[in-house]
Number of protein chains: 2
Amino acid sequence: MDVQVQFMAELSQLIDKLSFLSRDQLKIALKGYKPAEVHTIEFIGEHSETNVTAIASALYVTRGAVSKITKRLISRGLIVRYQKPDNQKEVYFKLTAQGQEVFEIHKKFTNYFMQRDEPIFRDSPDAVATTLAFLHQYNAFLDQKITIKK
Amino acid sequence: MDVQVQFMAELSQLIDKLSFLSRDQLKIALKGYKPAEVHTIEFIGEHSETNVTAIASALYVTRGAVSKITKRLISRGLIVRYQKPDNQKEVYFKLTAQGQEVFEIHKKFTNYFMQRDEPIFRDSPDAVATTLAFLHQYNAFLDQKITIKK
DNA sequence: CATATATTGTTTCTTTGTCAACAAAAACAG
DNA sequence: CTGTTTTTGTTGACAAAGAAACAATATATG
């Protein structure tokens with residue numbers, strides 16, 4: 001059980017540090033855009049056919065929150081709202097040109113951060129492969145626990 | 001760069017799934033206590049000599065937030081506030097008997113979750129060791145980036 | 001020692017998100 | 001097909017957390 005404690009500790013530390021290191025720079029580069037807004041733009045940019053409910057469950061927030069954020073993003077001209085001809089209930093979104101710009105800036109930074117960490121991944125490819133496999137296995141294990149529960 | 005993308009994806013998925021699986025049960029077991037409150041109690045329980053600033057930076061929240069939460073925890077009789085004779089500025093906290101109870105419940109569940117995942121760790125000790133080493137190395141790498149920045 | 005600077009904790013204001021209630025639309029059951 | 005149930009998105013009231021301003025205290029500097 002001791003290794004598990006260590007594993008969790010390393011994991012949460014890693015997450016914290018990664019977000020700490022990116023926070024400041026992203027804040028400056030995307031000044032004027034709130035984190036939640038950028039996050040939503042990012043998701044819409046990667047999933048062109050996505051509605052309120054899908055965004056909410058992907059981002060682990062409520063539909064109400066998505067409804068409010070998208071409303072704001074529309075009023076700021078970053079996304080547009082559209083519906084499909086055969087469904088009057090679901091609401092979909094896509095980026096405007098301006099939204100696309102924000103998306104690109106964010107992506108550029110993501111790439112920058114990955115380049116920063118590239119040495120770590122390059123120097124020990126075997127350890128990386130093993131780690132990746134283990135994380136994948138752990139994820140699959142948890143998937144089981146989740147489906148069993150339902 | 002592809003492995004890095006995969007690594008990040010596996011990592012965030014893992015985190016999401018772990019929190020999803022624990023959320024419901026913890027919510028029931030610690031009914032009446034908000035997640036942030038439990039989190040704070042947990043940290044104070046593990047660090048008996050800790051002040052507002054230390055809690056804030058460990059939990060990645062602002063001092064204002066800690067100030068408010070601790071105030072609430074005091075009024076609910078879960079922690080006590082104390083100061084050291086030679087320092088009138090810093091404010092320290094420790095758990096009351098009731099706070100200790102909450103701490104124990106939380107710990108019990110943490111143990112339960114670890115037991116749930118124990119098979120994964122037991123079945124492939126080598127992969128676990130490699131993973132742990134890699135995470136540790138990555139953390140150290142980021143520590144450098146953080147200190148350089150300062 | 002005296003003064004300037006930094007740190008600590010609290011408070012106020014604003015933003016964000018959750019929750020619950022709701023209306024509209026779609027899916028389902030008989 | 002008709003009535004019921006479920007799903008979807010929106011809204012308003014409320015709670016949580018961040019940012020900034022502030023007072024009190026501690027530390028550093030000359």
Side-chain angles (χ1 to χ4, degrees), chain A residues 16 19-20 22-24 26-28 30-44 47 49-76 78-94 150, chain B residues 16 19-20 23-24 26-28 30-41 43-44 47 49-76 78-94 150:
Chain A
D16 287 343
S19 85
F20 174 80
S22 62
R23 188 158 28 184
D24 290 356
L26 277 176
K27 207 172 189 174
I28 294 164
L30 292 169
K31 203 175 173 62
Y33 300 99
K34 286 152 198 161
E37 292 175 348
V38 176
H39 201 190
T40 306
I41 288 173
E42 184 195 5
F43 186 79
I44 293 173
H47 305 82
E49 292 241 332
T50 195
N51 61 353
V52 173
T53 302
I55 297 173
S57 62
L59 267 45
Y60 292 87
V61 293
T62 57
R63 284 175 299 160
V66 173
S67 184
K68 287 169 193 169
I69 289 184
T70 52
K71 203 175 169 182
R72 205 165 56 220
L73 291 176
I74 290 168
S75 75
R76 297 184 59 183
L78 295 160
I79 62 174
V80 288
R81 178 198 150 106
Y82 70 95
Q83 291 188 289
K84 297 187 182 180
D86 57 335
N87 190 318
Q88 287 305 109
K89 196 167 61 161
E90 295 176 341
V91 176
Y92 292 81
F93 304 95
K94 60 181 170 188
K150 279 179 184 160
Chain B
D16 287 344
S19 85
F20 174 80
R23 188 159 30 186
D24 290 356
L26 276 176
K27 208 171 187 172
I28 294 164
L30 291 169
K31 204 176 173 61
Y33 300 99
K34 286 154 197 160
E37 292 174 348
V38 176
H39 202 190
T40 306
I41 289 172
F43 185 78
I44 293 173
H47 305 82
E49 290 241 333
T50 197
N51 61 354
V52 173
T53 301
I55 296 173
S57 62
L59 269 44
Y60 291 85
V61 293
T62 57
R63 284 174 300 161
V66 173
S67 183
K68 289 168 198 166
I69 290 182
T70 50
K71 205 173 168 183
R72 204 164 56 222
L73 291 175
I74 290 167
S75 75
R76 296 181 61 182
L78 295 159
I79 62 176
V80 288
R81 176 199 152 107
Y82 70 96
Q83 291 187 289
K84 297 188 182 181
D86 56 337
N87 189 318
Q88 286 305 110
K89 196 168 61 162
E90 296 176 341
V91 176
Y92 293 81
F93 304 96
K94 60 182 169 187
K150 280 181 183 160

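Chain letters run A, B, ... following the sequence lines, proteins first and then strands; every chain starts at 1.
- Checked against side chain to side chain contact (heavy atoms under 4.5 Å, CB included), A:Lys89 has the following partners two or more places apart in sequence or in another chain: A:Asn87.
- Among residues two or more places apart in sequence or in another chain, the side-chain hydrogen bond (donor to acceptor under 3.5 Å, both in side chains) test is passed with B:Tyr92 by B:Glu90.
- Under the rule for a salt bridge (Lys or Arg N to Asp or Glu O under 4.0 Å), the partners of A:Lys84 that lie at least two apart in sequence or sit in another chain are A:Glu49.
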* To do: For the pair A:Ile74 and A:Val80, evaluate side-chain contact (heavy atoms from CB on, under 4.5 Å) and give the outcome as yes or no after the intermediate values.
  => CA-CA 6 Å; A:Ile74 290 168; A:Val80 288; over 6 Å; no
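- Here NE2 of B:His39 is found 11.5 Å from CD1 of B:Ile44. Values are rounded to the nearest 0.5 Å.
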Throw together a table of side-chain donor-acceptor distances under 3.5 angstrom for residues 50-58 of chain B, partners on residues two or more places apart or in other chains.
{"unit_1": "B:Asn51", "atom_1": "OD1", "unit_2": "B:Ala54", "atom_2": "N", "d": "3.1"}
{"unit_1": "B:Ser57", "atom_1": "OG", "unit_2": "B:Thr53", "atom_2": "O", "d": "3.3"}
{"unit_1": "B:Ser57", "atom_1": "OG", "unit_2": "B:Ala54", "atom_2": "O", "d": "3.3"}

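- With a 4.5 Å cut-off on side-chain heavy atoms, B:Leu59 and B:Val66 do not count as touching.
- Of all nucleotides in DNA chain D having an atom under 4.0 Å from a heavy atom of chain A, the first and last in 5' to 3' order are D:dT7 to D:dA19.
- A:Arg81 pairs by the salt bridge (Lys or Arg N to Asp or Glu O under 4.0 Å) definition with nothing, not counting sequence neighbours.
- Atom-to-atom, CD of B:Gln83 to P of C:dT8 comes out at 14 Å; the value is rounded to the nearest Å.
- Interatomic distance, B:Ile69 CD1 to B:Ile41 CD1, rounded to the nearest 0.5 Å: 10.0 Å.
- Residues of residues 57-66 of chain B that place a heavy atom closer than 4.0 Å to DNA chain D, in numerical order, are B:Tyr60, B:Val61, B:Thr62, B:Ala65.
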Heteroatom pairs (N/O) under 3.5 angstrom, protein to nucleotides 24-29 of chain C:
{"unit_1": "C:dA26", "atom_1": "OP1", "unit_2": "A:Gln88", "atom_2": "N", "d": "2.5"}

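- By the side chain to side chain contact (heavy atoms under 4.5 Å, CB included) test, A:Lys71 is found to be paired with no residue, residues two or more places apart in sequence or in another chain being considered.
- Within the structure, a side-chain polar atom (N or O) of B:Lys71 is placed less than 4.0 Å from OP1 or OP2 of C:dT11.
- Under 4.0 angstrom from either OP1 or OP2 of C:dG9 there lies at least one side-chain N or O belonging to B:Thr53.
- A heavy atom closer than 4.0 Å to some atom of DNA chain C occurs in A:Ala36, these being the qualifying members of residues 35-43 of chain A.
- For B:Tyr33, there are no ring-ring contact (aromatic ring centres under 6.0 Å, His included) partners two or more places apart in sequence or in a different chain.
- Rounded to an integer number of Å, the gap from B:Lys68 NZ to C:dT11 C1' is 8 Å.
- In this structure, CD in B:Gln83 is found 9.5 Å from CZ in B:Phe93, a value given to the nearest 0.5 Å.
- Residues satisfying the salt bridge (Lys or Arg N to Asp or Glu O under 4.0 Å) criterion with A:Glu37, sequence neighbours excluded, are A:Arg72, A:Arg76.
- Between the P atom of C:dT15 and the CZ atom of A:Arg76 lies a distance of 12 Å, rounded to the nearest Å.
- Whole-Å rounding puts the B:Arg72 CZ to C:dT10 P distance at 14 Å.
- Within the 4.0 angstrom heavy-atom criterion, only backbone atoms of the sugar-phosphate kind lie near B:Lys34; the bases stay farther away.
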